[in-house]
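Read the structure below first, then the notes.
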Amino acid sequence: MTTSARAAVIEKQDGPFVFRDIEIEEPRPDEVLVRMVATGICATDAHVRSQRMATPLPAVLGHEGAGVVERVGGAVTTVAPGDHVVLSYHSCGRCRPCLSGHAAYCDDVRAANFAGARLDGSNGLRAPGGPGADPRPGPRGHFFGQSSFATHALAHRRNTVKVPSDLPLEVLAPLGCGFQTGAGAVLTSLAVPVGASLAVFGVGAVGMAAVMAARVAGAATIVAVDVDPARLALARELGATHTVDPSEADDPALALRAIAGRGLEYVLDTSGRPGNLDAGIGALASRGRFGFVAFQEGAGAVVDAGRLAMGRSLHGIIQGDAVSPLLINELAEFYRAGRFPIDRLLTFYDFADIGTAFDDAGAGRATKAVLRFAPPR
């Protein structure tokens with residue numbers, strides 16, 4: 001038995017999204033078939049489209065999916081048909097990081113999320129057969145264990161998170177990656193305590209989630225750093241106590257230190273720009289921690305080890321070091337209580353308008369673009 005689906009496929013580097021009919025295999029014992037309701041667009045999707053990050057093409061991307069479970073494999077006990085779910089990153093579930101509660105650092109993280117296949121190398125997506133069938137090869141699937149740029153997604157029990165059915169899935173969808181990354185960096189990985197000082201470089205979707213999470217954590221000083229005046233104004237509304245435009249400061253590090261006096265206890269960079277590394281380290285207090293969630297490999301950023309004296313440290317962060325079923329539901333409850341207003345960051349698009357959504361996200365016209373799927377007839 002297979003499920004027919006409609007998918008937006010990237011067939012070549014920097015190419016357009018091509019809508020294709022596909023067939024999805026019946027869920028294996030540890031898999032879940034989800035009818036998609038919404039899916040967020042993340043910078044990682046754009047990086048794979050441009051092949052700055054490698055995933056074999058043609059492929060169905062998308063990794064911030066949310067929907068309703070249709071069928072489950074025989075070994076799945078955590079969700080059932082009819083449940084509302086958010087899909088997150090995938091992991092092997094067997095290695096030391098996974099077994100110790102740090103699945104974002106899975107030893108097989110690249111194979112699980114970027115290979116375009118299951119961990120055993122198989123692909124559950126294929127082109128429809130029969131007379132007059134599409135002669136093109138079926139696209140690669142299982143991107144982040146989901147490939148949510150399609151009307152249905154074949155996920156794994158480990159990356160399928162049951163969420164409250166009374167909250168809108170179109171709002172919860174970005175919790176699967178972007179918002180989880182920003183909030184988890186503050187609440188889990190850096191564990192920012194009450195009364196602390198924090199600067200967030202880059203207040204796009206991930207950075208805004210970090211600002212809101214810092215307010216939830218009770219940080220006393222929350223500095224939003226960006227060159228976009230509109231984003232800085234919104235960051236103020238969502239919890240930032242101070243803002244800095246580095247393009248208007250002769251020395252951004254000194255501008256930040258002037259806010260915190262002795263320097264900042266925590267700095268989080270969501271941009272991956274080499275200059276922010278230098279400014280962020282320069283703004284740190286003794287024993288301060290610099291966390292970064294974005295990576296520009298080969299960008300040439302260099303750190304003078306002497307600047308890390310006085311107990312300063314650098315900390316790379318993936319997916320906010322989140323245990324997704326726990327953090328996603330915690331953030332959903334913060335949203336319900338009005339403490340994590342992610343709905344203010346969202347711009348919605350029909351699935352058919354995925355190209356426009358990517359253009360708007362890339363141009364900064366949408367902080368977080370979310371695709372909505374038409375309800376079944």
Side-chain angles (χ1 to χ4, degrees), residues 1-11 17-40 45 55-90 112-113 115-163 165 169-170 172-173 176 350-352 354 371-377:
M1 181 177 178
T2 61
T3 297
S4 298
R6 187 76 168 163
V9 181
I10 288 295
E11 299 190 329
F17 287 93
V18 178
F19 285 94
R20 293 178 54 181
D21 293 322
I22 61 170
E23 297 290 332
I24 301 177
E25 291 179 359
E26 187 71 1
R28 290 184 176 183
D30 53 5
E31 292 181 333
V32 182
L33 181 69
V34 180
R35 175 179 60 80
M36 302 310 302
V37 171
T39 184
D45 297 307
T55 287
L57 302 179
V60 180
L61 306 181
H63 63 285
E64 290 184 341
V68 180
V69 175
E70 286 204 347
R71 291 195 295 281
V72 301
V76 176
T77 59
T78 50
V79 295
D83 284 346
H84 286 204
V85 295
V86 166
L87 305 180
S88 189
Y89 68 90
H90 193 24
N113 294 281
R118 297 183 178 99
L119 282 170
D120 67 2
S122 63
N123 180 20
L125 277 57
R126 60 175 181 259
D134 188 339
R136 294 172 294 181
R140 305 299 291 265
H142 308 280
F143 185 66
F144 276 69
Q146 52 180 286
S147 287
S148 57
F149 289 165
T151 55
H152 286 77
L154 188 61
H156 195 278
R157 61 182 176 183
R158 283 195 303 279
N159 71 320
T160 302
V161 179
K162 183 178 178 180
V163 294
S165 60
L169 284 169
E170 61 193 25
L172 300 186
D350 291 337
F351 181 43
I354 185 172
L371 303 175
R372 293 189 288 201
F373 295 81
R377 297 178 180 177

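A salt bridge is defined here as a Lys NZ or Arg NE, NH1 or NH2 lying under 4.0 Å from an Asp or Glu carboxylate O, and Asp21 with Arg6 meets this definition.
The side chain to side chain donor-acceptor pair (under 3.5 Å) check on Arg158 picks up nothing, with sequence neighbours excluded. For Asp30, the side chain to side chain donor-acceptor pair (under 3.5 Å) criterion is met by His156, not counting sequence neighbours. By the ring-ring contact (aromatic ring centres under 6.0 Å, His included) test, His152 pairs with no residue at all, sequence neighbours left out.
Note that the OG1 atom of Thr160 and the CG atom of Asp83 stand 10.5 Å from one another [nearest 0.5 Å]. Put simply, CD on Glu70 and CZ on Arg35 are 6.5 Å apart, with the number rounded to the nearest 0.5 Å. Interatomic distance, Leu125 CG to Ile22 CD1, rounded to the nearest 0.5 Å: 4.0 Å. To the nearest 0.5 Å, the span separating CZ on Arg140 from CZ on Arg126 amounts to 15.0 Å. To the nearest 0.5 Å, the span separating CZ on Arg28 from CZ on Arg157 amounts to 13.5 Å.
Pairing each heavy atom of Ala8 with each of Ile354, the nearest pair is CB-CD1, 4.0 Å. Taking each heavy atom of Phe144 and Asn159 in turn, the nearest pair found is O-ND2, 3.2 Å. Closest approach of His142 to Leu154, counting heavy atoms only: CE1-CD2, 4.0 Å. Closest non-hydrogen pair, Ala153 versus Ser147, comes out as CB-O, 4.2 Å. Nearest heavy-atom pair across Thr39 and Ser148 is OG1-OG, 2.8 Å. In this structure, Val9 and Pro139 approach most closely via the heavy-atom pair CG1-CB, 3.9 Å.
Checked by atom type, the side-chain pair Glu25/Thr2 shows no donor-acceptor distance below 3.5 Å.
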Take Thr151 and Met36 through the side chain to side chain contact (heavy atoms under 4.5 Å, CB included) test and state the conclusion after the steps.
-> CA-CA 5 Å; Thr151 55; Met36 302 310 302; 5.8 Å; no
Test side chain to side chain contact (heavy atoms under 4.5 Å, CB included) on Ile10 and Phe17 and set out the steps.
-> CA-CA 5 Å; Ile10 288 295; Phe17 287 93; 3.6 Å; yes
Report the C-alpha separation of Val163 and Leu169 in whole Å, then their side-chain angles, then the decisive distance to 0.1 Å, and conclude whether the side chain to side chain contact (heavy atoms under 4.5 Å, CB included) test is met.
-> CA-CA 9 Å; Val163 294; Leu169 284 169; 4.0 Å; yes
Where do Asp45 and His63 land on the side chain to side chain contact (heavy atoms under 4.5 Å, CB included) test, with the steps shown first?
-> CA-CA 8 Å; Asp45 297 307; His63 63 285; 3.0 Å; yes
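A distance-only check finds no donor-acceptor pair linking the side chain of Asp350 to the backbone of Ala352 [under 3.5 Å]. Under the 3.5 Å distance criterion, the side-chain polar atoms of Gln146 are matched with a main-chain donor or acceptor of Ser88.
Between Phe351 and Phe373, the ring-plane angle classifies as tilted under the 30° and 60° cut-offs.
Arg71 places a side-chain heavy atom less than 4.5 Å from the side chain of Thr3.
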